[in-house]
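Heads up: numbering here begins at 1 and tracks the sequence.
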Amino acid sequence: RDRNCHGGSAQWPHTKANPLYTLDNDEWETNREDMVAASAWLLWRGMSRLQDAVFEMLPEVSPREIDDVMLLARRALNSFEDFWRQLSWTVAYGERQVEWRVAEEMKEYGPDTNFWLKFRPTLSCHHSPRLGPELGGAKAWCNEAFHKPKTVLSLGSGDDFTYEHLVVEKWPGVTIVTADCFQFEKAVTRSFEEGMGRMVVLPVCLTGESREYADLQPPHLADKFVTFPALVKEVRDKHGVDHFDLVKANIEASEYTVFAHVFRDPDANLGGTAQINMEVHRMGMHDYLAQKGFSGRDFNSLLFLNLLFAHFLSGGFHPVFTEKWHDTNAAQDVVFVNQTWWVWSELQYKHQLWTLPFPDPPLSTSSSPAFASYLAQEHAGGRDPFRAPGGTMTKREERAGKGKDGKKKKKKDKATRTQTRTTTTTTEPPDMVIDIGDPSGSSGGFAAPPQASQGAVQTLDAKGLAKLMEGGPGFVPSFVMLELPTSTGSDCKDCGAMRAFWNMVGQNFANVWHVRCQDADPTVCPNIVGASQPDANPLFFTWDGEEFELYAGAKSPDALVQSMRAAVARAGLLGAQQQQRRKEKRRKDTRSRKQQREDEMAAMFDMRASAGSHGQPLRKSDGPGRWEPMPVESSEISVADFVRRFVEPGIPVVLRAPAKAKTRHGPSRSGTEWLRW
């Protein structure tokens, strides 16, 4: 059955669990016995793979590490045994564990607890940090310090790209393949910010070897369902990706048929995969919820989910972390780790125990308080920092820009933009398309969205420049459009058209400025342009809190907006670090100036004229290269004399005392205490 979920954004098919194991089925007893036998065979297969892996490892380790390898292998064997014990007990006890009976039977827990406790970690990692925002959707990682992925597969986006954003921030240069036929309409390849990698978007969904599940889909999507091997072949042939280091799957209960097919040949389908992050669903999680209030909580679903876990174990993938969803969706996140990779990573931790940085991993700005504040502001403003990459079409954009109402709105917006350009200027460069797209959508790039709607572009004068450069983190980032003067004194060729574009930018970004150099204070533009020799006009700069960075990317509004969104993301992520660096720099500057004054005074007192044993120190006079004598008394002075001679007449004086004469500031580093009146 098809259910219309998420406010009509997508058609998610959820069926009731296959009634293979219910008492209503005449062969229920035989079917349950077959399920147990199949699970036992799957676990034996996984243990056999572990044995092969260990035999391959032993020649590669030193003799003193053999015991370590065998101990780790024993822990993995315990994982198989623990899961088998749970499965056997579950089948033997029967339906009552997931049905409400009497209070005396359930005590303080209920059938949902009885269901999900079966699917717990059976293996542990040295470190399993949860990276990213402390909200639903972020993922945990087994031994994160030893992941170095180059290629990542993300199955099912759900219009949530938290995972993709996190991966590209954590491992720059990665290639992410995201497949989702519900959210995307066409295949596109987009690069991240320079040096950060690329993302391949495919409008396909996965199914198993049988087409029965795909036939449940809406007719216009049924032909977009492909098998996992077919997806791997397409990505290898068209994009040069031959394996995936990491896999994330959120495929709305399709995991049963998909991974049953995948684990028929785990070496071909998951060779080289270290970890799988999967959102595990109960069969019938939505449809059954609507009918009986159980959200797929029945004995059939319980046994099929056990079978699914047994399939993962058969390929050598053990559950090491679970995170239960406590909302209406009957699902939980599970981290499965490849047992061979797990053994190697645990050995690496033993070798590098005293050399790994602490904390491990280093405190990430993605989970810092500064980023949390930024994220809260974005969400409060109805913006999604984890949107789809630029150039893609998600269902959210389809609702905004397609359909009958959307088409009318889009035509009206297009007419408005055309009118704006016509009234502003008649000269529009052919390679510029003045359309920054829907600021709440993704046409502007992959990074974070605009900060806030400001409603105006501010004119940058000398006072505004000083305000900008001294304004602190609230002005980071700031964006400046700068028009260089022309020989004729008129506007440059593209300036008029770009002003219309910049006005639209000002409606969607905070801290947007404009300066026309020939009309501005003569100190403004040189402070922004610096020593660079730009060959374009107008110019676009980003103020990052320390310097103005000239935009040198592609000459298109889309690319410019993408770079601006990236700057907003960097400011949100790095704001706390930048503030700390500035604070530390100010402290160092203050210490340097203080030390310089102390050194100057010490030199001033230690300098002696060449004549006589009571020569005088010299001090620099106002004239260049001139020195003049400075009166000095080498004798001690009493407090009463000090007051009479210097305090009452208001004469400045510097006193020099031994360091042991401490003041409230403590002894100086030079061994001398200086007091100035």
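Within a 6.0 Å sphere centred on CD of Glu27, other residues, nucleotides and ligands contribute 12 heavy atoms or fewer. Atom CG of Asp237 is surrounded by more than 12 heavy atoms from other residues, nucleotides or ligands within 6.0 Å.
With ring centers used as reference points, Phe299 lies 6.0 Å or more from Tyr21. Under the 6.0 Å cut-off for aromatic ring centres, His147 and Trp341 qualify, their centroids lying closer than that.
Arg120 contributes a side-chain N or O that, together with a main-chain N or O of Leu117, makes up a donor-acceptor pair within less than 3.5 Å. Formation of a donor-acceptor pair under 3.5 Å by the Ser48 side chain with backbone atoms of Trp44 is not found in this model. The backbone N or O of His281 lies less than 3.5 Å from a partner atom in the side chain of Glu255, making a donor-acceptor pair. Within the 3.5 Å criterion, the main-chain N or O of Ser254 finds no donor-acceptor partner in the side chain of Thr257. Side chain of Ser301 to backbone of Arg297: no donor-acceptor contact under 3.5 angstrom is found. At least one donor-acceptor pair under 3.5 Å links the side chain of Thr151 to the backbone N or O of His243. A donor-acceptor pair is defined here as one N or O able to donate and one able to accept, closer than 3.5 Å; such a pair exists between the side chain of Asn31 and the backbone of Leu20. The backbone N or O of Gly156 lies less than 3.5 Å from no partner atom in the side chain of Asn250, so there is not a single donor-acceptor pair.
Aromatic ring pairs are classed by plane angle as parallel below 30°, tilted from 30° to 60° and perpendicular above 60°; the pair Phe312 and Phe317 is perpendicular. Between Phe309 and Phe83, the ring planes lie parallel to each other; the angle is under 30°, not in the 30° to 60° tilted range. Using cut-offs of 30° and 60° for the angle between ring planes, the Trp89 and Tyr93 rings count as parallel.
Here the shortest heavy-atom pairing between Pro19 and Asn25 reads O-ND2, 3.6 Å. For Val152 against Pro149, the heavy-atom pair with the smallest separation is CG2-CB, 4.1 Å. Here the shortest heavy-atom pairing between Asn269 and Val262 reads ND2-O, 2.9 Å. A pairwise comparison of heavy atoms in Asp298 and Phe115 identifies O-CE1, 4.0 Å as the closest pair. Closest approach of Ser128 to Cys142, counting heavy atoms only: OG-CA, 4.3 Å. The minimum heavy-atom distance linking Pro266 with Phe263 is given by the pair CD-O, 3.5 Å.
Under the 4.0 Å criterion applied to side-chain N and carboxylate O atoms, Asp267 and Arg49 are assigned as salt-bridge partners. Taking a cutoff of 4.0 Å between a charged side-chain nitrogen and a carboxylate oxygen, Lys248 and Glu279 do not qualify as a salt bridge.
The only member of Lys324, Arg282, Lys118 that meets salt bridge (charged side-chain N to carboxylate O under 4.0 Å, His left out) when paired with Asp112 is Arg282. For the side-chain contact (heavy atoms from CB on, under 4.5 Å) criterion with Leu202, the lone passing option out of His239, Lys224, Lys186 is His239.
The CH2 atom of Trp84 lies 14.5 Å from the OG atom of Ser79; values are rounded to the nearest 0.5 Å. Of the inter-residue distances, the one linking Lys139 atom NZ with Leu246 atom CG reads 12.5 Å to the nearest 0.5 angstrom. Distance check: Ser39 OG to Leu87 CG gives 4.5 Å after rounding to the nearest 0.5 Å.
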Exercise for the section: Carefully, step by step, assess Val204 and Phe225 under the rule side chain to side chain contact (heavy atoms under 4.5 Å, CB included). Expected result: CA-CA 6 Å; Val204 299; Phe225 277 72; over 6 Å; no

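In this structure, a donor-acceptor pair under 3.5 Å is absent between the side chains of Glu209 and Thr227. Residues Gln275 and Asn277 bring a donor and an acceptor atom of their side chains to less than 3.5 Å of each other.
A heavy-atom distance below 4.5 Å is not found between the side chains of Val334 and Phe321.
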